[in-house]
Each structure stands twice: as structure tokens, then as C-alpha cells.
There are 2 protein chains.
Amino acid sequence: MADLIAFGDWGTSRLRLGLYDGDTQLESVEGPGIGGLSASPAETLLGAVASWRARRGLSRVVLAGMAGSRTGVVEAPYVECPAGVDDWVRQTATVTLDGLLVEVAPGVAGIAPSGAPDVMRGEETQVFGAMALYPELAEGDQVFVLPGTHGKWCQARDGRMVRFQTFLTGELFALLSTRSSLLLGADAVENAEHEATGFAHGLERARAGHLLSALFEARSAQLREGRTGAWARGFLSGLTIGTEVAEGAAAFKAERVILIGARALGDRYATALGARQVRNTALGGEVCVLAGLRRLASTQAGCH
Amino acid sequence: MADLIAFGDWGTSRLRLGLYDGDTQLESVEGPGIGGLSASPAETLLGAVASWRARRGLSRVVLAGMAGSRTGVVEAPYVECPAGVDDWVRQTATVTLDGLLVEVAPGVAGIAPSGAPDVMRGEETQVFGAMALYPELAEGDQVFVLPGTHGKWCQARDGRMVRFQTFLTGELFALLSTRSSLLLGADAVENAEHEATGFAHGLERARAGHLLSALFEARSAQLREGRTGAWARGFLSGLTIGTEVAEGAAAFKAERVILIGARALGDRYATALGARQVRNTALGGEVCVLAGLRRLASTQAGCH
């Protein structure tokens, strides 16, 4: 049972835990995100793994994400850029809860191309995981793109993160498509074809590089051109993703990127990248986060 | 009592009515916007002016704004650009409610510089009102800027609106400052000095023209540089207004604009315009809307 570890990604909106015996996943469980807890993080985590401790004798959990924030299970201070995997592993935060060893990955802090301060928690685990899976990604200059609520573009040089930029794309799309006046009766009907047409039109509008000017078309096209709410939702998705890709590709001077994330969203980014002649190699987000957590766990094991 | 007219601006969020005897305002009243009615628009309007009808014998109301939309008191179809004041007056919608004559200004529809369809309801009354007050604004090329929830930039040539652009600036700022994850405990403390510093920094960031890249700094500056929620709110205001001004000035090639609106918001726009070497002449919004409604009423009077 020496290799029995629970690996987890605990973000703002969701906890995902997998119980592993070496390379084999035995069980998995989901729970609430750090942003929506009814009990303390420690109680929540102990509850989530209680049955694995009782039935399997689990004694070790390795986590990434907001679990390491000030409001998480134990604060793991940010590693400063330029940050290599060794710097990162060295700053792992550790706490023992009722006899359970919990190790939490630190986030990374840096300066964005604009000169603004920037932070990540969780994406660094995917980037280091990708490098662990594909050692050639730890060589030379590489740009990683991680779509999401707070999407990241991250430049690495010889395996060290040197700078990165957070894009509010996912959160902005959610606000605009559910809380704004732009979608008239948009909750009414799903229509994949209308949404795809709107997405393509939004990508096209993003080429001009004037996001704020372009937003109102989501509404005016419904009023004046008979477009549906589904079209408008697709338009907002294409406009925001297309704008992120335009700004990101310019800031990072990227002609080729490593795209890490879930399939459906990744496909939209791949389309937007392709429209700007940026090549991409797509990697699965869950595989990368697991590889990153294993990398962290393998070094930590030597300390105990 | 021949000159007794109630003039009103009935937008999405508020109804403002003034009772006038010629140039003299006798009374005023406020009510709910078209977007938040509990009764029908007709019932709401009749309720708002009931006392003026009973006590003063009011028989005529002239309105601008969302009062003329599909969900308003009577639909006033859009006038198409290029739209002069005569086209606009000619398309006034009229309805008689329980013996009360209600005239509603039509909105204007056009094509934005980007090629997208665009619409306005209410701002045209302010633009035509400004031209009535200052006839030189009805000559040559003029660019009008009307800040707001859905702010407008509008180009007129010899008194005819030729094209305009809606900016979601006000609504976007409201979403970001009250519904997003960007402001950590921002509701806690007002601080005018922090807000002003943040506003200046946001204007500076807007110069780079990458709105989506710049948004996350509102949060990261709180996490990494000890900035307050008030600073972050000011930053978001400066960033969004600065971006509107940059995009608007480029699209309309404007070196001088007529700024129409309320004082506090107008001052922020004036600062943002000045930072980009765009001169402005500021006019009060309420004065302009009243002048526009009078212009409409004076022509309509001949029809009855």
C-alpha cells in the first residue's frame, strides 16, 4: 500500500479527487469548490476521503489549485518567476489533518507582458505536468495556453516559467451571456447551428481588435437582423476567445502553442488559433494535472 | 393652458417627467424604467401624470427613449441613417390613452463603423436637441459622445446623423465591479483618493489597446501590490472608459467631440479624451433632451 495516494485538483468551483495505487485509478470523488464551502476546507477534505481512509488506509493527499490559497486548506505562497519545477516542488505546503498528510502545490506569481502583476494557482501544475509527460516541452521557448474562467498564456524557457498573462475570457463570457442585456430571450432555445454561425462571426469581428466596440452587435443583430439568442451566445464566445487569441499571440509572439484543457473548449481555441495562423498541439487537462501532481509527490516522498 | 406639456425621458431604468408651461417647469416626477414595470406602460404613465391631469388639465405628453420600443407605451419604428431632424419628427408615434395624447420619439438605426447594425433610443433626442440649442452643431462634420450604460458615439454631417456606435462601457463596468471575481471585498470601503489613482492607472493601461489582457490586474494588484477594492473599481472605470475613448476616437477619426451627459461621468470622459488629445465641448444631458423634445413637439403641434 506504499503507493496509495489521492491526487486532487481543488479549484474555486470544484474538487476532483482520484485514489491511485501506482498508475491505477481505483476510485474517484467530486466535491464543492473552495469558493462554495459550507464547512471548513479541512473538514470538507476529510469528509471527501473518509471512506478511502477507513476502507483503504489512505494516508496521503496531494492537491493543486485554490486549495493552496489563503482561504484553502493550507496556504502555499506563490513561487516567483522565473519558476522551474524544482523551485515549485520546494515550496510545497504541507499540513497533517487528523493523521492525514496533505501536500498542496504552490501557485506561481509573475509579471505579465503588459507589466501588470499576475498570479496562477493550478495551471502551473498542468504546465509542469506537460513537461514531465513530454520532456521536449522543457526545452527552448514554449508557449502554453490554458483556457478557462481565468485562462492563462504562459511562456517557458528551458523548463522555467518566465512570464504569463491571465485572460478573464471565461468569466467575461459567463457574465455577458447570463447577466447582461445582450441576449434577448437567450435562455429559450439551444441551436448548435446558429451558435456555430455566431461563433464564426464573432471570430471575424475579433480580427479588428476592438472588443468594446464589438460587444453590442450581440444585441443589435437580434433587433435588426433576426438573429437568435443562440447566435448571439456563439457570437460572444467567438468574439471573446478570438480577442484573447489575438492579444495573446501578439503579446507572446507565438506561432505555435501547447493547448492544455478540456476537449470542447479546446476545440474552440484551436479554431481561433488556426484563424490567426497559430499552430497548436492539444493536450488533455486532466492528464497534465495528474502528471504534475505525480511530479510533486515523487520529490516530496523523499522528505518523509 | 395651450402650452401645458409634460416632457419625459423614459429609459430602461428610469422615467423622468417634467410639467412645463411654456419655458417654465412647474413640477416634476420620477417613476420606474421600462425594464422594471409592475403595471403596463400605459397604466404606469397614466398613474404618473394623474394628478397633473386632475389639477392642471394636462392633455399632452411628449416622450423619448425606450418608451418607443416594442415593450414601451407605443412602438415608434427606427428612423434609418442618414437621419435628419425632419425625418425623425415625421416618424413620431402617437397614441391616445384615456383622452391623453402621448407622442413618442422614434429611435435611430444605422450601421456602425465596424459594419455591424446599431440602434439608439433616446440619444437621438439629445443630439437633435443640442443642434436646436446650438445651430452651428447642425453644420459640417460633428462627433457627439453620449456616455452611459450603452454609450453612443455619433457622427453627424450637416445636421444628419450618418453613423454611430454603441459602447457597452457602462453595463460592462457595472458587471465587472459588482458581479465578477475582480473586486475582493470591494463593497467594504469608499475611498475617493484610491479610486482616482486606480482610474489614472486604468486610463494608462487602456493606451495599449488590449482590454481583455488588462482586466485581471484589478484582482492581481489587490493580491500582489496591496491595492484596495476602491483602487480596483477606479482601475476598471479608467480601463473601460479609456478603451471606449481609444476605440471611438480611432473609428470616428475625431479630434474634437461634443460631450453630452451628466456632470460626474462627463468629467471622467473629459479626462480620458484629454489624455488622447481629443478636445471636447460639454453640454448637459437634461437640457439637450428637453430641447429635443421641444423640437419634436413644436412640429407635432401643427398636426393636431
Side-chain angles (χ1 to χ4, degrees), chain A residues 12 35 69-70 78 107 109-120 149-153 165-169 171-172 174-176 178-182 201 205-206 208-225 227 239-241 243-244 246-248 250-251, chain B residues 12 35 69-70 78 107 109-120 149-153 165-169 171-172 174-176 178-182 201 204-206 208-225 227 240-241 243-244 246-248 250-251:
Chain A
T12 301
S69 74
R70 227 165 285 173
Y78 296 106
I111 301 295
S114 67
D118 211 330
V119 291
M120 64 167 71
T149 302
H150 293 170
K152 311 289 177 187
W153 286 57
Q165 171 82 59
T166 298
F167 288 90
L168 204 71
T169 312
E171 182 171 354
L172 183 63
L175 286 171
L176 292 170
T178 64
R179 299 275 194 180
S180 83
S181 69
L182 292 178
H201 189 69
R205 285 288 186 233
H210 295 141
L211 174 62
L212 195 52
S213 297
L215 288 170
F216 194 69
E217 187 173 2
R219 181 178 169 98
S220 62
Q222 293 173 80
L223 287 169
R224 297 286 294 170
E225 297 179 332
R227 298 297 192 177
L239 178 62
T240 50
I241 291 175
T243 299
E244 176 186 325
E247 294 186 6
Chain B
T12 301
S69 73
R70 228 166 283 174
Y78 296 107
I111 301 295
S114 66
D118 212 329
V119 291
M120 65 167 71
T149 303
H150 293 169
K152 312 289 177 186
W153 286 57
Q165 172 82 60
T166 298
F167 288 89
L168 204 71
T169 312
E171 182 172 354
L172 184 64
L175 287 171
L176 292 171
T178 65
R179 299 276 193 181
S180 82
S181 69
L182 292 180
H201 188 71
E204 182 58 35
R205 284 288 186 231
H210 295 140
L211 175 63
L212 194 52
S213 297
L215 288 170
F216 194 70
E217 187 173 1
R219 182 178 168 97
S220 62
Q222 292 172 80
L223 287 169
R224 296 287 293 170
E225 296 179 333
R227 297 298 193 176
T240 51
I241 290 175
T243 299
E244 177 186 325
E247 294 186 7

Gap between atom [atom2] of [Y] and atom [atom1] of [X] - 0.5 Å precision:
{"X": "A:L175", "Y": "B:L172", "atom1": "CG", "atom2": "CG", "answer": "8.5 Å"}
{"X": "B:H210", "Y": "A:S114", "atom1": "NE2", "atom2": "OG", "answer": "10.0 Å"}
{"X": "A:E171", "Y": "B:S181", "atom1": "CD", "atom2": "OG", "answer": "3.5 Å"}
{"X": "B:L212", "Y": "A:T169", "atom1": "CG", "atom2": "OG1", "answer": "4.0 Å"}

Are the side chain of B:Q165 and the backbone of A:S213 linked by a donor-acceptor contact shorter than 3.5 Å?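 Confirmed, B:Q165 side chain pairs with A:S213 backbone.
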Determine yes or no for a side-chain-to-main-chain donor-acceptor pair under 3.5 angstrom, with B:S220 supplying the side chain and A:V119 the backbone.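 Side chain of B:S220 to backbone of A:V119, a donor-acceptor pair under 3.5 Å: no, none is there.
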Determine whether [X] and [Y] make a side-chain contact, defined as any pair of heavy atoms from C-beta on separated by less than 4.5 Å.
{"X": "A:E217", "Y": "B:P117", "value": "yes"}
{"X": "B:L168", "Y": "A:L182", "value": "yes"}
{"X": "A:T166", "Y": "B:L215", "value": "no"}

Looking at B:S180, B:G115, B:A109, which one has more heavy-atom pairs under 4.5 Å with chain A than the rest?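 Result: the option with the highest number of such pairs is B:S180.
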So what's closer than 4.5 Å to chain B heavy atoms on A:E244: side chain, backbone, both or neither?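 Contact with chain B: backbone and side chain both.
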Given heavy-atom pairs under 4.5 angstrom as the criterion, report whether the side chain, backbone, both or neither of A:R224 touches chain B.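 Answer is side chain: those atoms of A:R224 sit under 4.5 Å from chain B.
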With respect to chain B, which residue among A:R219, A:H150, A:H201 yields the maximal number of heavy-atom pairs within a distance under 4.5 Å?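 Highest number of heavy-atom pairs under 4.5 Å: A:H150.
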